[in-house]
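Report on the structure given below.
All values below come from the heavy atoms of this structure, side chains included, with hydrogens, waters and symmetry mates left out. Just so we're clear, the structure is a prediction, and the values are computed from it rather than from any experiment.
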Amino acid sequence: RIRQMNDILKRVDPEVHRRLETNRVDPTFYSVRWITILFSQDFPLSAVVTMWDCFLADPGHPHPLSDYVCAAIAVALREELLQGDFTANMHSLQRLPPEMQDGV
């Protein structure tokens with residue numbers, strides 16, 4: 001699943017993908033947490049419940065919706081990720097900004 005999410009990110013934003021690779025930010029460092037807790041620590045409960053409904057309704061072809069959500073988060077953080085080093089990138093990916101949490 002991590003590889004699938006990474007492939008989606010590479011396809012939709014190759015520059016962000018390349019920057020994360022250059023900074024040696026492995027997708028498992030940030031996406032495993034998102035997937036295992038299904039975003040419940042990163043978004044308000046009302047948004048999480050809506051996301052879970054969508055995940056449960058998703059037939060998962062060609063990729064589960066959660067893979068696209070992970071890639072979308074990285075794309076939404078594009079400017080921060082392109083400017084940051086390893087530490088800054090990890091901070092951005094592990095602590096989503098409040099405006100992103102509110103905008104779901």
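- Between Asn6 atom CG and Glu21 atom CD the span is 6.5 Å, to the nearest 0.5 Å.
- Rounding to the nearest 0.5 angstrom, the gap separating the CG atom in Leu45 from the OG1 atom in Thr50 is 9.0 Å.
- Here the side chains of Leu20 and Phe86 are not in contact, with every heavy-atom distance at 4.5 Å or above.
- Counting heavy atoms from C-beta outward, Arg19 and Val16 have side chains that stay 4.5 Å or more apart.
- Using a 4.5 Å heavy-atom cutoff, the side chains of Arg3 and Pro27 are not in contact.
- Looking at Phe43 and Leu96, their side chains come closer than 4.5 Å, going by heavy atoms from C-beta outward.
- Between Arg95 and Asp42, none of the side-chain N atoms (NZ, or NE/NH1/NH2) sits under 4.0 Å from a carboxylate O, so this pair counts as no salt bridge.
- With rounding to the nearest 0.5 angstrom, the SG atom of Cys70 is 8.5 Å from the CD1 atom of Ile8.
- With hydrophobic clusters built from ILVMFWY side chains whose heavy atoms lie under 4.5 angstrom apart, Leu93 shares a cluster with Met51.
- Counting non-hydrogen atoms of other residues, nucleotides and ligands closer than 6.0 Å to CZ of Arg11 gives a total above 12.
- For the pair Arg33 and Gln41, the minimum side-chain heavy-atom distance is below 4.5 Å.
- Note on Val25: it does not cluster hydrophobically with Ile2, by side-chain heavy-atom contacts below 4.5 Å among ILVMFWY residues.
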message = Please determine whether side chain to side chain contact (heavy atoms under 4.5 Å, CB included) holds for the pair Val12 and Tyr68, giving the CA-CA distance in whole Å, both sets of side-chain angles, and the decisive distance to 0.1 Å.
response = CA-CA 10 Å; Val12 298; Tyr68 290 99; over 6 Å; no

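- Ile35 and Leu9 end up in different hydrophobic clusters when Ile, Leu, Val, Met, Phe, Trp and Tyr side chains are linked at under 4.5 Å.
- Rounding to the nearest 0.5 Å places CZ of Phe29 at 6.5 Å from CE of Met90.
- Side-chain contact annotation: Thr28 with Asp26, donor-acceptor N/O pair under 3.5 Å present.
- Tracing side-chain contacts under 4.5 Å through hydrophobic residues (I, L, V, M, F, W, Y), one reaches Leu82 starting from Leu77; they form part of the same cluster.
- Checking Asn89 against Asn23 by side-chain atom types alone, a donor-acceptor pair falls below 3.5 Å.
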Q.
Run the side chain to side chain contact (heavy atoms under 4.5 Å, CB included) test on Ser66 and Trp34 for me, step by step, so that the C-alpha distance in whole Å, both residues' side-chain angles and the decisive distance to 0.1 Å come before the verdict.
A. CA-CA 9 Å; Ser66 58; Trp34 292 340; over 6 Å; no

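- A salt bridge links Glu15 to Arg78: at least one charged side-chain nitrogen sits closer than 4.0 Å to a carboxylate oxygen.
- In the hydrophobic clustering of ILVMFWY residues, with side-chain heavy atoms under 4.5 Å counting as a link, Phe39 and Trp52 come out together.
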